[in-house]
**Q** 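What follows is a structure written as structure tokens; I'll ask about it next.
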Amino acid sequence: MYIGIDIGGTKIAVTEGKGDNIIRKEVFPTASASSWREALDRAAGIASGFSGNAIGISAGGPLDS
């Protein structure tokens, strides 16, 4: 089982998967969060309800890690 978080300009998706199959997926608009911290807190809150022993995060475009 794994958890994936996709941070995009229009949406943030949090998925739980096994192999090639997505078990659960929750999506919310990026603009619905008032700050980057709120967006990440919301994504982390969703992910904490999923099962997984690995996590991957993707973010397109320029990013200051």
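Computed from a prediction, not measured in an experiment: that's the story for all the values here.
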**Q** Give the cluster check for Ile3 versus Phe28: same hydrophobic cluster or not, with ILVMFWY residues linked at side-chain heavy-atom distances below 4.5 Å.
**A** yes
**Q** List in chain and number order the residues that pass side chain to side chain donor-acceptor pair (under 3.5 Å) with Ser35, two or more places apart in sequence or in another chain; answer none if no residue qualifies.
**A** none
**Q** Report yes if some heavy atom in the side chain of Leu40 is under 4.5 Å from a heavy atom in the side chain of Ile7; otherwise report no.
**A** yes
**Q** Mind checking the NZ-OH spacing from Lys18 to Tyr2? Nearest 0.5 Å is all I need.
**A** 11.5 Å
**Q** If you look at every heavy atom in Ala39 and Ile12, which pair is closest and at what distance?
**A** CB-CD1, 3.7 Å
**Q** Taking all atoms of both residues into account, what is the closest heavy-atom pair of Ser48 and Gly45, and its distance?
**A** OG-O, 2.7 Å
**Q** Ignoring hydrogens, what is the shortest heavy-atom contact between Thr30 and Lys11? Give both atom names and the distance.
**A** OG1-N, 3.1 Å
**Q** What closest approach, in Å, do Met1 and Ile23 show between heavy atoms, and which atom pair accounts for it?
**A** CE-CG1, 4.4 Å
**Q** List the atom pairs, with distances to 0.1 Å, where a side-chain N or O of residues 50-61 and a protein N or O form a donor-acceptor pair under 3.5 Å, not counting sequence neighbours.
**A**
unit_1, atom_1, unit_2, atom_2, d
Ser58, OG, Asp6, OD1, 3.0

**Q** Strictly by salt bridge (Lys or Arg N to Asp or Glu O under 4.0 Å), give each pair with a member in residues 51-60 just once, sequence neighbours left out.
**A** none
**Q** Tell me which pairs pass salt bridge (Lys or Arg N to Asp or Glu O under 4.0 Å) where either residue lies in residues 27-47, with sequence neighbours left out.
**A** none
**Q** Going by the rule side-chain contact (heavy atoms from CB on, under 4.5 Å), which residues pair with Lys25 if we only count those two or more places apart in sequence or in a different chain?
**A** Ala13, Thr15, Ile22, Val27
